[in-house]
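Here's the structure, in structure tokens; my notes come after.
Values reported hereafter were calculated over all heavy atoms of this structure, with side chains retained and with hydrogens, waters and symmetry mates removed. Proteins get letters first, then strands, A, B, ... in listed order; numbering begins at 1 in each. Keep in mind that what you see is a predicted model, and the values were worked out from it rather than measured.
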Amino acid sequence: MNSLTLALAVFLLVNLLVALVRVARGPTPADRLLAALLFGTTGVAILLLLGDATGAPALVDAALVFALLAAITGAAFTRRAWREEAPVDDDR
Amino acid sequence: MKITLAAVRAFLWRGTLFALLWWALTDGRPGSWAVGSVAVAFASAASLRLLPPVPTHVSRIGLLRFLVFFVHQSLRGGVQVAWFALRPRLALSPAIHEVGLRLPAGISRVLLANTMSLLPGTLSVELQGDRLCLHVLDASAPTETEVRTAETRLAQMLGLTLDTR
Amino acid sequence: MTIADWASLVLLVAGAAFFFAGTVGLLRFPDVYTRLHALAKADNLGLGLVVFGLLLKAPSAALAIKLLLVWLLALAASATVGFLIARRARRHGIEPWRAGDAE
Amino acid sequence: MTAALAFDLLLVAALVWSAARALTVADVFRGVVLFIVFGLLMALAWARLGAPDIALAEAAIGAGLTGALLLDAVGHLRAKREPGP
């Protein structure tokens, strides 16, 4: 059972890393900041599964912090960093 | 801030919620309450300052109905997005819709905007006064009806009356 | 395995499937708005299913409350951040993709 | 435990990738986003290493607060360079 939750955690980690491709590619700054949302949900799920698989309920606390800080990062980005129109940068 | 009956009631209610939260966060360790009682008191006071008690009455049946509605709709929303993402041909027809709101100004409209983002096919993009702009995945979907339903459920939960003009 | 174990297993796997759909959507959808749809709905439903799957195995009430709190926080965070990003994108004049546009 | 090994290898690869990209990327904003990504992956790594308390601190301070401050700084830099409306 534990190995199964761990396998699911691996599956979610692969998902997370593949989705980071979108973050790396952009094209707009908002696309990059989707990383904050991504870690807010996928990262939380991974932490919860890890906590269950390794029997460390303290990881649930770390998951709480993840979810909270996703909101803070997103708000800081929209309120502060993206005030003027940054040129839509295509890269590579 | 004037001490009114409503404020005292809100303080006690929120204090109870924060105490429950503290209990969960500390796994109910009895030694933590020395710090915990102070923290709960401060949290309740801060919450009253940031979000003064509004003269609404949260109905329990309304809350339950809203939760059932919400869980059902988020299931639908997830399935719909998954279907859009996984079908071989990308068949999106997005559009922006604007809907007038009947909820009274304030926190309930924000709550509605956030709820809509989690319901099937809609994403809130702008909330200005009583106008809510939604980005929809399927332009032909009955967006307005969905907003109305969510609005009614929210109003029932918060004991608000809709402004039907 | 008891029935609760089986149910938990089914919920966890279903949750992972929705995460997968969310990732596919994130890569395939044509613009910021539609990608936000994918994240806000598929991933939150995935997390919800994972949370309920783990709830069935939660050893204590305190842990169960914490798990629910995690889900609520994540829901609130992604609804809020999704709204903020979409609003900013619109104010910056990023036009929503329409059917028929080239990707 | 192959699942655990796979998890760790993937995590290490992603950590190294995000760290290298954060340092080499030309655009400041993208550097900051990669820094946040690195911090969150690092938190996952601490979780795997059996240190949930450090994972918590890394997520809160390393990725969250520092990330928000850096984003704010990027905003200020942009505002200074091109005086906006």
Quiz item: Between D:S18, D:G67, D:A60, D:A55, which residue shows the highest count of heavy-atom pairs closer than 4.5 Å to chain A?
Solution: D:A60

Quiz item: For chain D, which of A:G74, A:G43, A:A9 has the most heavy-atom pairs under 4.5 Å?
Solution: A:A9

Quiz prompt | Interface moiety of D:W46 toward chain A, non-hydrogen atoms closer than 4.5 Å | solution = neither

Self-check item: Top contributor to chain D interface from A:L16, A:L59, A:V14 [non-hydrogen pairs under 4.5 Å]
Solution: A:L59

Quiz item: Of the non-hydrogen atoms in A:A62 and D:P52, which two are nearest, and what is the gap between them?
Solution: CB-O, 4.5 Å

Exercise. Below 4.5 Å from any heavy atom of chain A, which atoms of D:V37 appear? Answer side chain, backbone, both or neither.
Key: both

Exercise. Report the distance from atom CG of A:L13 to atom CZ of D:R48, rounding to the nearest 0.5 Å.
Key: 10.5 Å

Practice problem: To the nearest 0.5 Å, tell me how far A:F66 CZ sits from D:L56 CG. | Solution: 9.5 Å

Practice problem: Quick one: closest heavy-atom pair of A:L69 and D:A59, and the distance? | Solution: CD1-O, 3.0 Å

Quiz item: With respect to chain A, which residue among D:D53, D:L44, D:L34, D:L70 yields the maximal number of heavy-atom pairs within a distance under 4.5 Å?
Solution: D:L44

Quiz item: Taking the side chain as C-beta and beyond, is there a heavy-atom pair between D:F7 and A:I46 under 4.5 Å?
Solution: yes

Quiz prompt | CG-CG distance between A:L38 and D:L40, expressed to the nearest 0.5 angstrom | solution = 10.0 Å

Quiz item: With only heavy atoms counted, which part of D:L10 is less than 4.5 Å from chain A, the side chain, the backbone, both or neither?
Solution: both

